[in-house]
Amino acid sequence: MLRLFLGLYLVLAVGLVLALQTVEHTFNALLDNQMQAYNREAVRGQAYSLVEQLRGLEGPGREQQLDALRPHYGLGLTLVEADQLNLNEQEKALLDKGLLVIREKYTQFISSIDGGPQLLSIKLPAEPSLMPFYIAAAYLMLAVLIGIVLFFWVRPHWRDLEKLRLAAERFGDNDLSSRIQLSKRSNIRDLSEHFNLMAARIEGLIANQRELTNAVSHELRTPIARLSFELDQLKQQPDPAQNRELIADMYADLGELEEMVSELLTYASLERGATVITRENIQASSWLDSVVGSVALEAEAAGVQLLIVECQIDQVRIEPRFMARAVINLLRNAIRYAAGRVEVSLVRCGDCYEVQVNDDGPGVPVDGREKIFEPFSRLDASRDRRTGGFGLGLALVRRVSQSHGGQVEVADSAWGGASFRMTWAHLD
């Protein structure tokens, strides 16, 4: 705190002194004519009285008269020759007009007596001898008062900054739950809130990374174990027909691994914000047709009727690749669990687009409707390729909708199955 206080104090003190001097010199230069006029008027009466009493006198007579007048005026009165003053043209012009010439910061006034070479010099009384001390004392008092005010201003800032420093230090020491709470009156409250948001984001990313690492290890174990078992069987199997079946199963396992890695990479890129979402205006009906067409064979193989029931808009503004991946995941999820029917629609509701996918399957229990959007989370614990999946598809749907400024939720469909509704903001 001492370093902060001294630094601010020195900057403020030096800046204030420089500012006062700058203002003083600036206004002295700007107001010089007005100040001369003011002081000339203030002394004009006394100068006139003195000149009238000296006019008509010559040589020693003027000196004697001036000696007699000095005790009554309290001014420095002297007779000077014009040649001794080195008058400039402007000052000579003033004297010719009968005006006073002002010198020495408005403390000396020179007046013509009778138009001759001898002039009257009038000097104001000298400042008190202690004036420099008073000025120094005034500056010192000002410095002390500034220091007191600055101390009480710096103290709460320093206290809040110290809290922020300690929170950052704890966070750096792997205490990821470290947060800072400041008063609403704190001037760095916004900074602390940004720190808390940053800390929460980093904590979430690290936690998610740990979950993904653990989940990926767990998910990879199953197809790898199957491949290892199938390789052992292949070595021991002399029948070529059964060998072909084993090889087909191995290719299926490799495809499963490839699909898992692809979804994992896509999810991870969206999760850490490494992928820039660039929206494009896409022709809505043809885009939706192509998305549905990409899973049409899967639906036919599963005996599910897949229909587009509504597409009310001409164009949709999306990142086509990621959004297509999200809708395909919704459709595959619906096909996997549907009894025989899946319907999809694309509409615009106010300032949002909405894709809705309905199926006639068993639906999603209320207590699991949030859990299914978490990575590697399944309500069906089966590992069967028909119903198991990887637990990444719906998590990817949620990340894509969030990257578009939207959300995804699940409810009951009209047939008792699941109704997934993904919305995102419309941007011009």
Side-chain angles (χ1 to χ4, degrees), residues 204-205 208 211-212 215 259 262-273 275 277 279 282 284 287-288 291-292 294-295 306-313 316-338 342-380 387 389-427:
L205 288 174
N208 186 66
E211 291 176 4
L212 283 177
E259 185 179 353
S262 176
E263 290 218 347
L264 180 62
L265 290 175
T266 303
Y267 177 83
S269 66
L270 289 172
E271 175 67 17
R272 66 175 182 267
T275 301
I277 299 298
R279 298 196 188 190
I282 303 297
W287 174 79
L288 188 59
V291 170
V292 172
S294 64
V295 295
L306 178 58
L307 299 172
I308 299 175
V309 295
E310 189 175 15
C311 184
Q312 297 179 348
I313 54 181
V316 62
R317 189 168 179 80
I318 55 173
E319 202 291 327
R321 183 169 62 92
F322 285 119
M323 188 58 71
R325 184 67 175 270
V327 176
I328 287 172
N329 285 357
L330 288 177
L331 292 174
R332 283 177 173 168
N333 179 79
I335 292 169
R336 182 179 297 122
Y337 293 100
V342 173
E343 292 183 352
V344 58
S345 62
L346 172 59
V347 297
R348 181 169 174 177
C349 303
D351 292 333
C352 293
Y353 296 116
E354 175 183 311
V355 168
Q356 189 167 354
V357 177
N358 298 322
D359 65 62
D360 59 352
V364 181
V366 175
D367 57 353
R369 290 179 179 177
E370 182 63 28
K371 181 181 177 182
I372 60 174
F373 295 108
E374 297 175 1
F376 297 105
S377 175
R378 298 185 188 84
L379 299 183
D380 185 348
T387 59
F390 310 118
L392 272 176
L394 295 180
L396 182 60
V397 171
R398 182 168 66 175
R399 284 289 175 256
V400 171
S401 63
Q402 289 175 344
S403 69
H404 281 69
Q407 61 181 358
V408 62
E409 57 188 13
V410 60
D412 294 326
S413 70
W415 314 308
S419 176
F420 285 87
R421 178 172 171 266
M422 180 172 62
T423 60
W424 67 94
H426 168 72
L427 298 176

[X] side, atom [atom1]; [Y] side, atom [atom2] - distance, nearest 0.5 Å:
X	Y	atom1	atom2	result
L288	I308	CG	CD1	4.0 Å
N329	R336	CG	CZ	9.0 Å
F322	H404	CZ	NE2	9.0 Å
I318	S403	CD1	OG	11.0 Å
L396	L330	CG	CG	9.5 Å
E409	E370	CD	CD	10.0 Å

For the residue pair I328 and V291, establish whether any side-chain heavy-atom pair is separated by less than 4.5 Å.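 They are in contact (side-chain heavy atoms under 4.5 Å apart), so the answer is yes.
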Hey, are the side chains of Q356 and V347 touching, using non-hydrogen atoms and a 4.5 Å cut-off?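 The answer is no, as the side chains (C-beta and beyond) never meet within the 4.5 Å cut-off.
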Under the criterion side chain to side chain contact (heavy atoms under 4.5 Å, CB included), I'd like the reasoning laid out for D360 against E343: C-alpha separation, chi angles, the key distance, then a yes or no. CA-CA 9 Å; D360 59 352; E343 292 183 352; over 6 Å; no
Specify the closest pair of heavy atoms between [X] and [Y], including all atoms of both residues, with the distance to one decimal.
X	Y	result
S345	V309	CB-CG2, 3.9 Å
W424	V316	CZ2-CG2, 3.7 Å
I335	V342	N-CG2, 4.1 Å
F373	L394	CD2-O, 3.6 Å
R279	G405	NH2-N, 4.1 Å
R317	Y353	N-OH, 3.5 Å

Is the closest basic N to carboxylate O distance between E319 and R325 below 4.0 Å?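 No, no charged N to carboxylate O under 4.0 Å.
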Is it true that R421 and E354 make a salt bridge, defined as a side-chain N closer than 4.0 Å to a carboxylate O?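 A salt bridge is present here (some side-chain N lies under 4.0 Å from a carboxylate O).
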Donor-acceptor contact present, side-chain R348 to main-chain G350, <3.5 Å: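 Flag set: sc R348 to bb G350 pair under 3.5 Å.
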Donor-acceptor pair, side chain of R369 and main chain of A411, under 3.5 angstrom: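 Such a contact is absent between R369 side chain and A411 backbone.
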